[in-house]
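Labels below follow one simple rule: chain letters A, B, ... track the order of the sequence lines, proteins then strands, and each chain is numbered from 1. Atoms considered below: every heavy atom in the structure, side chains included; atoms not considered: hydrogens, waters and symmetry mates.
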Amino acid sequence: MHGAHATTEAVILHSQALWLIPFLPLVGFLIAACAVNAPRLVKVTSPLAVLAAFAVALSSVATLLGAPEGARVSQTAYTWMAAGSFHADVAFRLDALSAVMALFVTGVGLLIHVYSIGYMGHDESCARFFAYLNLFMFAMLLLVLGDNLLVLFVGWEGVGLCSYLLIGFWYENDDNAAAGKKAFIVNRIGDMAFVLGLFLLAWSLAPAAGGALDLDFAHIEAHAASLNPGTATVIALLLLVGATGKSAQIPLYVWLPDAMAGPTPVSALIHAATMVTAGIYMIARLNVVFALSPAAMQVVAVLGAMTALFAATIALVQTDIKKVLAYSTVSQLGFMVLALGVGAFATAVFHVMTHAFFKALLFLGAGSVIHGMSGEQDVRKMGGLRTKMPVTFWTFLIGTLAIAGAPGLAGFFSKDEILYHTWAAGHPWLWLVATITATLTAFYMFRLVFLTFFGELKADHDVAHHVHESPPVMTIPLVILAVLSIVGGWVGLPEHWLWGNRFGHFLAPVTGHPHLAEGGMLGEGALMLIATTLAIAGAGLAYVFYLRLPGLPMVLSWRLKGAYDLLLNKYWIDEFYDAVIVAPYVRLSTCLWKVADQELIDGFVNGLAGAVGANGDLWRHAQSGNVQHYALAFLGGAVAVLAYYVIG
Amino acid sequence: MEQLLLPAIDWLAVLPVGLTSILGLVLLALGLFVDDDETLGWITLIGLAVTAVATACLAGQKSITFNGTFALDAYALFFDLLFLVAGIVVVLMSMTYLEGTGIPSGDYYGLLAFAIAGMIVMASATDLIVVFLGLEIMSISVYVLAGAWRTQLRSNEAAMKYFLLGAFATGFLLYGIALVYGATGAFRLDRIATAVGDTPNRTMLIAGVAMLIIAFGFKVAAVPFHMWTPDVYEGAPTTVTALMAVAVKAAGFAAFVRVFLHGFGGLHADWSMLLWVIAALTMTVGNVLALAQRNVKRMLAYSSIAHAGYILVALVASGAAGGTAALFYLLVYSFMTLGAFGVVAALGSVGEPNETLDDYAGIGFRRPLLGVTMTIFMLSLTGIPPLAGFAGKFYVFTAAIREGYYVLAVIGVLNSAISSAYYVRVLIAMYLTPGAEEHGRVARQPYLLTSIVVSAVMTVVVGVFPALWMQLARFGFLSL
């Protein structure tokens with residue numbers, strides 16, 4: 001499934017500047033934290049900090065491009081933890097994979113910072129917002145630039161924390177706080193599996209490495225071949241659970257739609273373009289481990305395809321503009337995970353990048369609409385905004401075309417590469433699922449466009465009167481992202497087209513070349529044709545449903561009430577988790593505390609007191625009520641300990 | 001028959017305990033004449049600081065004195081410094097906290113010094129009788145400290161419960177010591193270590209070991225000997241709670257680790273399984289019950305039980321890795337816990353403890369410094385990198401896996417995930433719950449805030465640069 005890595009000694013360029021990429025945003029954070037009462041200053045310094053990080057990233061990538069293929073830039077700051085044979089440095093690496101990630105994280109991050117100046121400028125807590133945003137950039141860059149799994153993990157936890165702080169940014173609303181808490185706890189469940197996987201990986205590699213415990217990527221790559229398939233499967237599955245938390249896959253995706261409670265630029269930056277791709281990045285980074293276990297790869301692929309389809313069906317009927325985009329994000333992340341599962345690691349990263357462009361664009365566009373509509377998020381109350389918000393409309397349309405897979409746009413190339421690799425890796429059923437999903441994607445995205453920008457404006461008079469295009473500080477980032485959503489895919493054309501797949505070749509030293517079976521009867525071109533036709537059909541169907549025969553969706557939702565309700569209520573998954581996991585756990589905790597710690601012992605003591613009869617008074621006379629119960633519990637424990645030795 | 005010889009006294013070895021004892025006496029006497037609480041606080045602070053510097057100067061010394069019953073080694077010095085620094089932080093807290101409580105400063109600071117003297121004896125003891133001596137010096141002082149706030153009913157109650165159950169535990173300790181002596185004919189750990197292999201009276205020895213596990217289990221608040229902890233921690237003055245949660249627990253572990261890994265090292269196979277079960281129970285019960293609490297101080301009490309469980313994991317793992325991890329974890333745990341209780345103390349005032357989650361609503365914005373530092377402590381207790389708590393857990397679980405205790409490590413990691421649910425609730429209260437409007441001005445709390453900031457800085461520094469501190473812990477453990 002997976003080709004050999006370049007075995008020649010890699011060229012390592014030492015750099016003194018790499019650490020600046022994450023640390024400049026940290027400086028921005030510290031400035032913002034100290035100047036929370038000076039939002040005018042923070043509105044300048046925070047975007048500047050990201051701009052500076054972007055500049056350093058550009059120059060570092062330029063160095064990398066000038067070096068021979070497979071080279072990497074590296075910097076070791078200091079030894080972080082060391083104990084016996086265990087060793088971890090605070091070290092950074094910029095190879096092809098982290099170069100791509102670092103560039104689009106800083107680039108898209110910069111655009112979103114600029115947009116936020118307009119979007120959040122009037123919020124009284126705008127300095128706090130920028131502080132969190134800068135802190136997030138620091139953590140995210142640490143995640144993608146870390147040279148070992150522990151530094152990656154610091155970033156991993158850091159982005160989670162910032163995400164949670166930003167989801168609950170408008171904490172006056174209780175729902176938002178609950179959403180933040182949910183994101184945090186669901187992610188912790190994933191993290192727990194991730195940590196276990198990390199431990200197991202370090203230990204399983206040790207024998208081959210002469211006992212050295214190390215989580216350096218170079219170390220992992222060098223010794224991964226020594227893992228036996230069973231161990232590799234367990235490690236890969238644990239890491240996968242970690243990825244399902246951060247990258248919102250089944251079964252841990254539930255936090256992401258709720259995370260839309262945060263300000264829209266946050267949804268664009270964290271919950272669409274960057275943080276949620278951390279799981280994809282991690283698996284791509286550890287591709288050598290995953291490639292060792294065909295079983296785990298199979299699970300990854302199936303999980304990705306299922307998530308893609310599942311989320312796309314939910315997106316069909318949602319009425320909150322941001323919720324639609326959120327489920328769309330879950331679905332697109334599913335595409336990326338599918339690509340990972342079929343061994344097309346570089347393709348997954350390619351889709352991460354193009355998705356960052358068009359999904360950030362769509363979210364910012366949605367933000368612009370919400371801004372113009374005085375906070376309204378329900379698409380049923382929108383309509384006809386095409387003329388009132390022309391820049392937003394055109395850019396949003398480009399984003400929609402890109403995600404729907406219109407030929408020539410960014411999403412077209414990355415999505416079709418995923419479909420092609422899925423087919424070529426011998427997964428016709430997964431290909432079918434993905435193709436259906438792509439059709440649904442075209443449908444729900446055009447549904448959004450038609451409901452929002454076409455037809456009659458259905459808002460009440462006050463809102464309608466105030467509808468306006470957003471200021472340039474918001475529309476310029478939209479335009480830049482729209483351009484990127486068009487041209488961003490051109491770096492990865494199919495092989496043999498013009499300059500071919502430059503992107504794939506650039507990443508190959510890190511991700512390997514996927515071995516492809518011959519395309520069989522259907523070549524890449526044929527697959528492309530099918531997908532494109534279906535996408536057009538999806539869009540056409542949306543046109544019929546929402547422009548030509550606007551009564552039809554209503555009729556259908558009546559006719560198919562069961563299915564409609566199921567989708568509208570998101571398959572009742574949240575309710576299911578609440579009933580099966582959350583509620584019993586809370587009950588257990590309260591129960592243990594109330595019953596085991598207090599009543600059970602009370603009851604035991606009272607029973608005993610009855611038996612003792614005359615001595616009962618002795619028990620009751622205790623002033624505080626239960627110190628003697630504690631003593632009894634103590635005695636019980638002591639008896640248990642002694643019994644353990646006597647019997648055992 | 002050995003002749004009773006007066007041993008030569010190694011004055012250097014008893015320098016730390018000597019200085020703290022003298023400090024205690026001076027404070028008791030001064031308390032009669034000096035009325036100013038702040039002055040007494042400063043005297044304690046300076047006394048402890050001088051002792052700490054003197055103790056640090058002993059680094060590199062290694063001797064065993066008093067007929068082999070009292071050691072001066074890196075292990076003892078590591079703990080001495082931990083107790084002294086914790087003591088300094090607690091004194092800083094107290095200098096603000098005691099205002100208006102009516103607790104007599106002279107007695108309070110004097111007892112604090114004696115408690116630390118007792119802890120130092122425990123860390124240095126290489127003889128079971130000396131362990132007992134230290135434990136009692138410490139415990140009796142702390143019983144009184146827990147009830148120091150005489151006008152508060154819950155403080156009285158805490159002292160009473162702690163004393164009664166503590167006395168119970170002492171009984172087990174003495175009985176255990178007697179049984180071990182019966183089986184091996186020795187109190188000295190080195191002699192016990194050589195005798196455990198070929199004692200004819202194995203059952204008696206094992207019974208003694210079990211008794212000691214019970215007694216130490218009580219002191220470090222391990223399940224099922226933990227039930228006193230929430231009541232006592234909640235009732236005692238918050239500064240004393242901080243001392244109990246940190247220094248008293250550390251002292252318990254100092255003796256626990258030395259006695260078990262040194263004296264009973266040869267019996268590891270016999271006691272490790274029992275401790276395995278106790279560690280798993282302690283982590284799980286502590287974490288699960290913490291979730292049910294709405295009182296932050298009580299929640300932190302359960303949290304301290306859970307953390308004792310993590311340290312027990314290191315003890316089960318034993319060996320150089322486990323021992324080092326235990327010492328390092330205690331260091332890490334001390335700062336984050338001291339800081340968290342510091343914040344609890346800072347939010348309360350006389351007559352208004354303000355300890356429930358509702359009282360924390362909106363604190364993050366009203367008192368930004370407390371908000372940020374409490375965030376650091378909660379995240380560190382959860383084990384989020386790069387804060388110290390992560391490094392601590394990392395070393396502990398690493399040690400457990402290295403020795404093959406996979407299941408225990410998994411239980412530990414699971415527990416650490418559970419714990420995030422209740423630590424994050426504090427953050428939610430502070431930042432995501434609208435609080436009451438500011439009423440009245442906030443009292444100035446310079447000393448208390450200093451102690452909190454010091455703890456926060458240490459929590460970050462140890463987390464970001466753990467290597468140096470780990471080296472100290474390693475040094476300490478390997479000198480056993």
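Looking at B:Ala321, there are no atoms closer than 4.5 Å to chain A (heavy atoms on both sides), in backbone or side chain. With a 4.5 angstrom heavy-atom cutoff, B:Leu164 touches chain A only via side-chain atoms. Contact of B:Arg425 with chain A is made through the side chain alone, with heavy-atom distances under 4.5 Å. Both the backbone and the side chain of B:Thr398 come within contact range of chain A, each with at least one heavy atom under 4.5 Å from a heavy atom of that chain. Residue B:Thr324: no heavy atom, backbone or side chain, is found under 4.5 Å from chain A. Contact of B:Trp271 with chain A is made through backbone and side chain together, with heavy-atom distances under 4.5 Å. Of the atoms belonging to A:Leu213, it is side-chain heavy atoms, and not backbone ones, that fall under 4.5 Å from chain B. For a residue to count as touching a neighbouring chain, one of its non-hydrogen atoms must lie under 4.5 Å from one of that chain's; by this rule A:Ile185 touches chain B with the side chain only.
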Pair A:Val195-B:Phe390, side chain to side chain contact (heavy atoms under 4.5 Å, CB included): steps then yes or no: CA-CA 11 Å; A:Val195 170; B:Phe390 169 72; 5.6 Å; no

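Listed by chain and number, the residues in a ring pair (Phe, Tyr, Trp, His ring centres under 6.0 Å) with A:Phe29 amount to none (sequence neighbours excluded). Under the rule for a ring pair (Phe, Tyr, Trp, His ring centres under 6.0 Å), the partners of B:Phe168 that lie at least two apart in sequence or sit in another chain are A:Phe634, B:Phe172.
To the nearest 0.5 Å, atom OH of residue A:Tyr644 and atom CD1 of residue B:Ile278 are 9.5 Å apart. The distance from the OH atom of B:Tyr431 to the OH atom of A:Tyr164 is 9.0 Å, given to the nearest 0.5 Å. Rounding to the nearest 0.5 Å gives a distance of 11.5 Å between OG1 of A:Thr79 and CZ of B:Phe465.
Applying a 4.5 Å heavy-atom cutoff, the residues of residues 410-417 of chain B that approach chain A are B:Val410, B:Val413, B:Leu414, B:Ser416, B:Ala417. Contacts of residues 209-218 of chain B with chain A at a heavy-atom distance below 4.5 Å involve B:Ala210, B:Met211, B:Ile213, B:Ile214, B:Phe218, listed in sequence order.
The minimum heavy-atom distance linking B:Pro224 with A:Gly637 is given by the pair CG-CA, 3.5 Å. B:Leu165 approaches A:Tyr630 most closely through the heavy-atom pair CD1-CB, 3.8 Å.
Per-residue heavy-atom pair counts under 4.5 Å with chain B were compared for A:Glu157, A:Arg188, A:Lys181, and the maximum is reached by A:Arg188.
A donor-acceptor pair under 3.5 Å is formed between the side chain of A:Trp80 and the backbone N or O of B:Val464.
Counting only heavy atoms from C-beta outward, the side chains of B:Ile384 and A:Leu161 never approach each other to under 4.5 Å. Here the side chains of B:Leu427 and A:Phe184 are not in contact, with every heavy-atom distance at 4.5 Å or above.
Other residues, nucleotides and ligands place no more than 12 heavy atoms under 6.0 Å from the OH atom of B:Tyr175.
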